[in-house]
Amino acid sequence: MSQKKTLFEKIWNDHLVAQPAGRSPILYIDLHLVHEVTSPQAFDGLRAAGRKVRQPVRAVATVDHNIPTEPRGTPITDLIAAKQIAALQSNCKEFGIRLFDIDSPDQGIVHVIGPELGLTQPGMTIVCGDSHTSTHGAFGALAFGIGTSEVEHVLATQCLAQQTPKTMKIDVRGRLADGVTAKDLALGIIGQIGTDGATGHVIEYAGPAVRALSMEGRMTLCNMSIEAGARAGMVAPDETTIAYVKGKRFAPRDTEWEKAVAYWRSLPTDEGAAFDKVVEIDGAQLCPFVTWGTNPGMVAPVTGRVPDVKGLQETDRRSTELALQYMGLEPGRRIEDIGIDRVFIGSCTNSRIEDLRAAARVAKGHHVNAKVRAMVVPGSQTVKRAAEQEGLHRIFQDAGFEWRESGCSMCLGMNPDILQPGERCASTSNRNFEGRQGRGGRTHLVSPMMAAAAAIAGHFTDIRNWKFQ
Amino acid sequence: MKSFTVHRGRVAPLDRVNVDTDQIIPKQFLKRIERTGFGQFVFYDWRFSGDGKRNPDFVLHEPRYEGASVLVAGRNFGCGSSREHAVWALADFGFRAVISSSFGDIFANNSAKNGFLAVRLSEDEVAALMQQAEEIDGYQVTIDLEKCEVRDEQGFRATFPMDEFVRHCLLNGLDDIGLTLQHEAEIEAYEARHPAPAALRAP
């Protein structure tokens, strides 16, 4: 008798190595992505215990979090950051792990290069010491972030003991309107279910509005799953997925390809399979969003206002007041009246070629507002080259945007790209936490088009009324 | 791993919801490659002003909460970034446990790997502890992992959920890498059925 299963359950079951009585199931990990910040203590742990990396070929490393986005070759003046990069280099060498180093033509944000190199494939289990590992779920993979102890665990055993998560289906009906992007969908969902709305769950995004998204859009959507508290986010593989993976450097070839595709086609959730929770969203009702507070759930339509605290219950009122105080905003302020100082287009959420095309289309023929400093940070060297081949860098530069080298950059400000205290930024990244982009910095999360438009207008503006040139 | 059985200690209240790991340990301190010494940076932006001056108003700097080893905080504590540095910082600062009504999943996982307890109680129970910590000087609770119970001398008593295996590891201070390696035969069998793809094996 065949039981109806979800996409998540199929992948989970296919990766169970052991289910010891009274213990968490042990799951096999197909791909382990490694970066400089969350790995050094894990490698130290291996050395201290005299352990080896079990499957060095299943680990792939790059440097992304703390590297400068100045032209490559500029010396790294932050000595502690330089030491961390050197540690990754020597650890990869010692344990035989493939590293796309700072001077590699394939270097980039770990969640950008995994997919573009074809490392990320449907049906895989993928982990990384980074919460935005959920990005890879866009391919119908089970991908989730882990801490450094678990990084060490995967290096040593290629497995993880994991409690079985619950499942949640987010069904997005209708179509997204012009100017409404995957980022707005993600912000709309988090605004509705809250930053802990999916805690303990793996989300499967489904419905026509999700099916209509490109792979880049699906990556943006799955990327933000963690901002709703989810363990992971997934989209079932389909023809869009298969077409994207085909021919990529690490994708299967020939008969392996045929076999893989047949497996991938078996993965989508069976009709009638049960989820622990189901959320329905009307995609057609969504609009471009702007966050106004200090977590991604504090979000308003661009046509809306900063919320009033009156009528909120005590806990929400106080957290809203604290957020508004930090953000330097008062209740009732029109979102479109909020002026900005900085713009950041980049991050594992929105730094792929399609994101840059969308932003460039807005910027074309315009100029960045005189009081705004705007930067574009491609997600990888591959994205950067592709954008330059299309002439996008010229459009940005002519419009007064800085065109920089690839990395995580101002998403988390571990490198020199940070906000100054009080500076207000329209950012395509994923977190508007206090101090995230620099102490005292004020982050508003938006889509790449909305960020480009804000750079030019000097304040938030509804992209649906934009005069494209 | 350090084991956790029963701990009694002073309680400090952090009356905020959605305390993310960026708040617990800001990014400028993540560049260190050691596992120790993060305590001095915990809640840095709240504890210190921009020019590095100690903020005397921050709750952990109030003399009555000095030496606190149990933190009570609002819901969704430890959300956001996967940085285990957040747990290292809290533990290094002297905390053995955080009590909240919910936790970020990765933070909760990271806690369990470090002999540090993420204790989940109901919102009402958390509010009650928060109030006691604010009203009673030197307020202490006992966290009993053997009974999965939090109690105080004023009559508070509440049980908390904890995965049985995680509890077993914490009580005994077990290295879970060692436990997984007990399944060597099963891992080998799995790998025999699912060899690494050729593209990954190529140099």
Side-chain angles (χ1 to χ4, degrees), chain A residues 17-18 20 22-24 26 28 37-38 40-41 44 49 51 55 57-58 66 78 80-81 83-84 87 118 129-131 145-150 152-153 156-159 161 163 195-196 199-200 226 229 231 249-252 256 295 315 319 322 412-414 421 431 433-436 439-440, chain B residues 1 15-18 20-23 26-28 30-35 45-46 50 74-76 79-85 87-88 102-107 109-110 113-114 123 163-166 168 175-183 186-187 189-191 194 196-201:
Chain A
V17 168
R23 290 199 200 165
S24 301
I26 297 174
Y28 198 76
V37 176
T38 56
Q41 296 87 350
D44 280 348
R51 289 175 174 138
Q55 289 279 354
V57 297
R58 288 190 181 272
N66 74 26
D78 181 340
I80 310 176
K83 197 173 157 194
Q84 196 169 50
D130 188 282
S131 61
I146 56 178
T148 299
S149 293
E150 290 189 322
E152 184 181 337
H153 195 124
T157 68
Q158 205 55 41
C159 294
Q163 296 170 49
T195 53
D196 54 359
T199 301
I226 179 69
R231 205 66 193 90
R249 185 158 139 204
F250 288 93
E256 290 297 311
N295 72 52
T315 316
S319 69
L322 283 171
L412 84 166
M414 270 195 78
R431 289 186 174 136
F433 296 157
E434 281 185 30
R436 170 83 177 177
R439 187 181 177 125
Chain B
M1 183 178 80
D15 192 9
R16 292 185 71 136
V17 295
N18 297 316
D20 55 77
T21 53
D22 273 79
Q23 253 38 257
K27 75 275 187 158
Q28 64 268 34
L30 307 184
K31 296 171 199 165
R32 304 169 78 251
I33 58 173
E34 299 82 16
R35 211 179 171 114
D45 287 358
W46 289 341
R75 72 177 142 78
N76 203 22
C79 59
S81 160
S82 65
R83 57 188 73 166
E84 194 161 318
H85 312 65
V87 176
W88 300 336
S102 63
F103 293 93
D105 288 326
I106 308 176
F107 178 85
N109 273 350
N110 290 341
K113 312 286 182 195
N114 287 277
E123 291 214 6
D163 177 82
E164 196 40 52
F165 176 55
V166 172
H168 173 73
D175 163 17
D176 63 351
I177 294 179
L179 290 176
T180 297
L181 288 174
Q182 291 174 359
H183 295 275
E186 285 120 306
I187 302 174
Y190 187 94
E191 287 179 334
H194 304 89
L200 287 178
R201 280 183 276 120

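A note on names: the letters A, B, ... follow the listed sequences, proteins ahead of strands, and every chain is numbered from 1.
Proximity to chain A (any heavy atom under 4.5 Å) is restricted, for B:Q182, to the side chain, taken from C-beta onward. For chain A, no part of B:F107 is nearby; none of its heavy atoms comes within less than 4.5 Å. In this structure, the portion of B:H85 lying under 4.5 Å from any heavy atom of chain A is its side chain and not its backbone. For A:E256, no part lies near chain B; criterion is any non-hydrogen pair under 4.5 Å. With a 4.5 angstrom heavy-atom cutoff, A:R431 touches chain B only via side-chain atoms. Only the backbone of A:I146 comes within contact range of chain B, with at least one heavy atom under 4.5 Å from a heavy atom of that chain. When heavy atoms are compared at a cutoff of 4.5 Å, B:D45 approaches chain A by way of both its backbone and its side chain. Both the backbone and the side chain of A:I80 come within less than 4.5 Å of a heavy atom in chain B. At a 4.5 Å heavy-atom cutoff, B:V87 makes no contact with chain A through either its backbone or its side chain.
Interface check for chain B: of the options A:G200, A:A87, A:G229, the most heavy-atom pairs under 4.5 Å are formed by A:G200. Top candidate by heavy-atom pairs under 4.5 Å with chain A, chosen from B:L179, B:T180, B:N18, is B:T180.
Contact annotation: the side chain of B:K113 approaches that of A:E150 to within less than 4.5 Å [non-hydrogen atoms, C-beta and beyond]. The shortest side-chain heavy-atom distance between A:D78 and B:Q28 does not fall under the 4.5 Å cut-off. Counting only heavy atoms from C-beta outward, the side chains of A:Q163 and B:F165 never approach each other to under 4.5 Å. Side-chain contact between B:Q23 and A:F433: present, with at least one pair of heavy atoms (C-beta onward) separated by less than 4.5 Å. No side-chain heavy atom of A:N295 sits less than 4.5 Å from a side-chain heavy atom of B:D20.
Here the closest heavy-atom approach between residue B:I33 and residue A:K83 is recorded as CD1-CE, 3.9 Å. Contact record, A:S131 with B:S82: N-OG, 3.5 Å, taken as the closest heavy-atom pair. A pairwise comparison of heavy atoms in A:S149 and B:N114 identifies OG-ND2, 4.1 Å as the closest pair. Of all heavy-atom pairs between A:Q55 and B:A196, the closest is OE1-CB, 4.5 Å. The two residues A:A18 and B:E186 make their nearest non-hydrogen contact at CB-OE2, 3.6 Å. The shortest heavy-atom contact between A:G147 and B:I106 is N-CG2, 4.0 Å.
In the model, A:T38 has no side-chain atom that pairs as donor or acceptor with a side-chain atom of B:E84 under 3.5 Å.
Distance check, rounded to the nearest 0.5 Å: CG of B:L30 to CD of A:Q84 gives 8.0 Å. Here the OG1-CZ distance, from A:T199 to B:R75, works out to 10.5 Å after rounding to the nearest 0.5 Å. The line from OG1 of A:T148 to CZ of B:R35 is 7.0 Å long, rounded to the nearest 0.5 Å. Between atom CZ of residue A:R23 and atom CG of residue B:D176 there is a gap of 10.0 Å, rounded to the nearest 0.5 Å. Of the inter-residue distances, the one linking B:N76 atom CG with A:S319 atom OG reads 11.0 Å to the nearest 0.5 angstrom. Here OG of B:S102 is found 5.0 Å from CG of A:D196. Values are rounded to the nearest 0.5 Å.
For the pair B:K31 (side chain) and A:N66 (backbone), a donor-acceptor distance under 3.5 Å is absent.
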Would A:D44 and B:R32 count as a salt bridge (Lys or Arg N to Asp or Glu O under 4.0 Å) if you check the C-alpha gap in whole Å, the side-chain angles of each, and the deciding distance to 0.1 Å? CA-CA 13 Å; A:D44 280 348; B:R32 304 169 78 251; over 6 Å; no
Evaluate side chain to side chain donor-acceptor pair (under 3.5 Å) for A:Q158 paired with B:Y190, printing each intermediate quantity in order. CA-CA 11 Å; A:Q158 205 55 41; B:Y190 187 94; over 6 Å; no
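The pair B:D22-A:R439 does not count as a salt bridge, with every side-chain nitrogen at least 4.0 angstrom from each carboxylate oxygen. At a threshold of 4.0 Å, the pair B:R16-A:E434 counts as salt-bridged, since one of the basic side-chain nitrogens sits closer than that to a carboxylate oxygen.
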